[in-house]
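Just below is one structure, and these are the notes that go with it.
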Amino acid sequence: MAETLRRLIRVVFVALAAALLGLSNLSAAGAAPPPEPSGDASPMIVGGTRANVNEYPWTVFLANSSNFQFCGGTLVKANKVVTAAHCVSGRSPSSTRVVQGREDKQSSAGVVANVTKIWVHPSYSTATRGYDVAVLTLDRNLTASTLPLAGPSDGALYAAGTQATILGWGTTSSGGSASRYLLKATVPVTSDATCGKAYGSSYISSAMVCAGYPQGGVDTCQGDSGGPMVAGGKLIGATSWGRGCAQAGYPGVYARVMSYHTVLTQQINS
């Protein structure tokens, strides 16, 4: 039980963040955002570098009505974004924005789209039980390039050792602040056995995939949730959860997009 309590699921406390923003009147465009619940070591995404948003135009971030960035996402159709269910479960479309093309959160670059519909996988309850995927419908078609989903024929992309790119604007140190800029890092996909050893029964191989180095040091973190994990030019994962961030022996856990290809495609095309 103690071990379970120590396991830090990457759920962003949106209501708390919104309340803090309401009290301080801070916004991403005008001041540093309030600190997020937790994070881990390293100077960037956790062990990453600055990313050019033009190179990854399908990487978007989710913000509340006060412009506070709380999660990431991936543009998979002109008006559809895939993200994590835990990012948007219980949220209203009217309180959610999608920002595309804004590398620096304190700038006004890019496009801000309103959300008209939020679909959360009907079997979702918590990130550690799987089904941590959601689709947002936007109020407009964006002109940026989209990223295809990994499908049933893309099993090789999940092989241990596959080099995957992770991106986000999340926290960059334990208990620290979110990044002002879009960051990226490369992590190897780990085997199911490795991830199962780290997380026990909480790791569900049919629903999840892990990535990271045995020694830690590179990982996604709070605020990166829902953002893309990319390999072979396809979206293979959505940042979901993990024990802390970048800890040795505890790789990051991502929703296994291939497993949800059919239901996600239905929502994307609806």
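If you take CG on L138 and CG on N79, they are separated by 6.0 Å, rounding to the nearest 0.5 Å. Here the straight-line distance linking atom CZ of R97 with atom OG of S66 works out to 9.0 Å at 0.5 Å rounding.
Judged by distance alone, the side chains of S240 and D132 do bring a donor and an acceptor atom under 3.5 Å apart. For the residue pair S225/H86, the side-chain donor-acceptor check at 3.5 Å is satisfied. For the 3.5 Å distance criterion, the side chains of Y250 and D219 fail to qualify, holding no donor opposite an acceptor.
When the side chain to side chain donor-acceptor pair (under 3.5 Å) test is applied to T137, the partners found at least two apart in sequence or on another chain are K80.
Note on Y181 and V111: separate hydrophobic clusters, where clusters join Ile, Leu, Val, Met, Phe, Trp and Tyr whose side-chain heavy atoms are under 4.5 Å apart, directly or indirectly.
Judged as a side chain to side chain donor-acceptor pair (under 3.5 Å), not a single pair has a partner in residues 261-270 (not counting sequence neighbours). Listed by first and then second residue, the ring-ring contact (aromatic ring centres under 6.0 Å, His included) pairs that reach into residues 147-168 come to none, sequence neighbours excluded.
Remark: of the listed residues Y203, Y199, Y254, Y199 is the sole one forming a ring-ring contact (aromatic ring centres under 6.0 Å, His included) with W241.
For the pair R256 and D192, the salt-bridge criterion is met [side-chain N within less than 4.0 Å of a carboxylate O].
T96 places a side-chain N or O within donor-acceptor distance of the main-chain N or O of S92, the cut-off being under 3.5 Å.
When all heavy atoms of P57 and S145 are compared, the pair lying nearest together is CG-CB, 4.0 Å.
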